[in-house]
There are 2 protein chains.
Amino acid sequence: MDERQALTSFAALSQETRLAIVRTLVVAGPDGLAAGLIAERMGVSPSNVSFHLKELERSGLIAQRRESRSIVYSASYDALAELVKFLMEDCCAGHPVIREGVQRSDGCCKPDPARNEGDVVA
Amino acid sequence: MDERQALTSFAALSQETRLAIVRTLVVAGPDGLAAGLIAERMGVSPSNVSFHLKELERSGLIAQRRESRSIVYSASYDALAELVKFLMEDCCAGHPVIREGVQRSDGCCKPDPARNEGDVVA
DNA sequence: TCCATATTTCAATAATCCATGAATCATTGA
DNA sequence: TCAATGATTCATGGATTATTGAAATATGGA
């Protein structure tokens, strides 16, 4: 991920509705959600959600596909991972303290003892 | 980190000059850099850098201290780690795929065998 | 105290972003 | 083809953000 894309990704995530959309789509999974459903869940107008969805798509954080009459949006897991990576690398570059802080506190980066071979960290 | 702070942090990082400042301060380390030096390195006017520094401080990503005539800014590693964590948790919540992607590709989350006890973390 | 340095604050302007509602486009089924 | 559905686009107005240069504030040394 280049800086330009990171900037637009950060901009995309800096708006309440858009952050909520991304969180919702991440939870929704690869099947995604139709624009109308998203608008309903967010409690915003169709044209407004369309505006934000376009912004998110421009950043690459979500993808769209047409499905009959609906346009279905889904989270781009790759882009999200790339963004985390970008942030981590910038941080790690200067100070390992940060990545340690991340690894330590939430279990997200900690190797899960329950998981077996094929684990990423191993 | 609550959502409100994540939003302002993303907003802070969504501006080219500010992202550059953060990267520079992370590399600079805990000693930080004086505002004037930052302005010089970024190639922007003192008043403009002051505007952006205030924005970054408001988000909590950097901290300031006075040192004689200078005001010295430094990266807030805690806040940066919290932000990465926020992004990771939101991602991980819905899809482990993302954290896997992050862990796998850059070695940032991999424990470094070369490092020995007494490293920053200890 | 007076001056120079380092930085911020302020005011004004330009630029960008967000919300709204009307109009338009694409798809489906009668 | 016509009407209905689902969604986007467009134009507008209001709000926030960014840039600039001048003025103000704080510190340290002569």
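In the text below, chain A, chain B and the rest are named by the order of the sequence lines, each starting its count at 1.
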Under 3.5 Å between N/O atoms: give me all the protein pairs with nucleotides 15-18 of chain D, atom names plus distance.
residue, atom, partner, partner atom, Å
D/dA18, OP1, B/R18, NH1, 3.4
D/dA18, OP1, B/R18, NH2, 2.9
D/dA18, OP2, B/R18, NH1, 3.2

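- One interatomic measurement links the two molecules: CD of B/E67 to C1' of D/dT27, which rounds to 13 Å at whole-angstrom precision.
- The side-chain contact (heavy atoms from CB on, under 4.5 Å) test applied to A/A20 returns A/M42, not counting sequence neighbours.
- Checked against side-chain contact (heavy atoms from CB on, under 4.5 Å), A/A35 has the following partners two or more places apart in sequence or in another chain: A/L53, A/Y73.
- In summary, contact between chain A and DNA chain C, defined as any nucleotide atom under 4.0 Å from a heavy atom of the protein, begins and ends at C/dC18 to C/dT28 in the 5' to 3' direction.
- Residue pairs meeting the salt bridge (Lys or Arg N to Asp or Glu O under 4.0 Å) criterion with at least one member in residues 7-21 of chain A, sequence neighbours excluded: A/E16-B/R4.
- Nucleic acid contact for A/T17: none, since no nucleic acid atom lies under 4.0 Å from a heavy atom of the residue.
- With sequence neighbours excluded, the residues that form a side-chain contact (heavy atoms from CB on, under 4.5 Å) with B/A79 are B/L61, B/S76.
- B/S47 pairs by the side-chain contact (heavy atoms from CB on, under 4.5 Å) definition with B/S45, not counting sequence neighbours.
- Residue B/S68 is classed as a sugar-phosphate contact, given heavy-atom separations below 4.0 Å to backbone atoms only.
- B/R65 meets the salt bridge (charged side-chain N to carboxylate O under 4.0 Å, His left out) test with B/E67; sequence neighbours excluded.
- Annotation: salt bridge (charged side-chain N to carboxylate O under 4.0 Å, His left out) contacts of B/E40 (sequence neighbours excluded): none.
- Annotation: side chain to side chain donor-acceptor pair (under 3.5 Å) contacts of A/E57 (sequence neighbours excluded): none.
- Looking at residues two or more places apart in sequence or on another chain, you find a side chain to side chain donor-acceptor pair (under 3.5 Å) between A/E55 and A/R58.
- Contact of the A/R41 side chain with the A/L33 side chain is registered, since non-hydrogen atoms from C-beta on lie closer than 4.5 Å.
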List every contact pair, protein side and nucleotides 5-7 of chain D side both N or O, where the distance is under 3.5 Å.
residue, atom, partner, partner atom, Å
D/dT5, O4', A/R69, NH1, 3.2
D/dA7, OP1, A/A35, N, 3.2
D/dA7, OP1, A/G36, N, 3.3
D/dA7, OP2, A/G36, N, 2.8

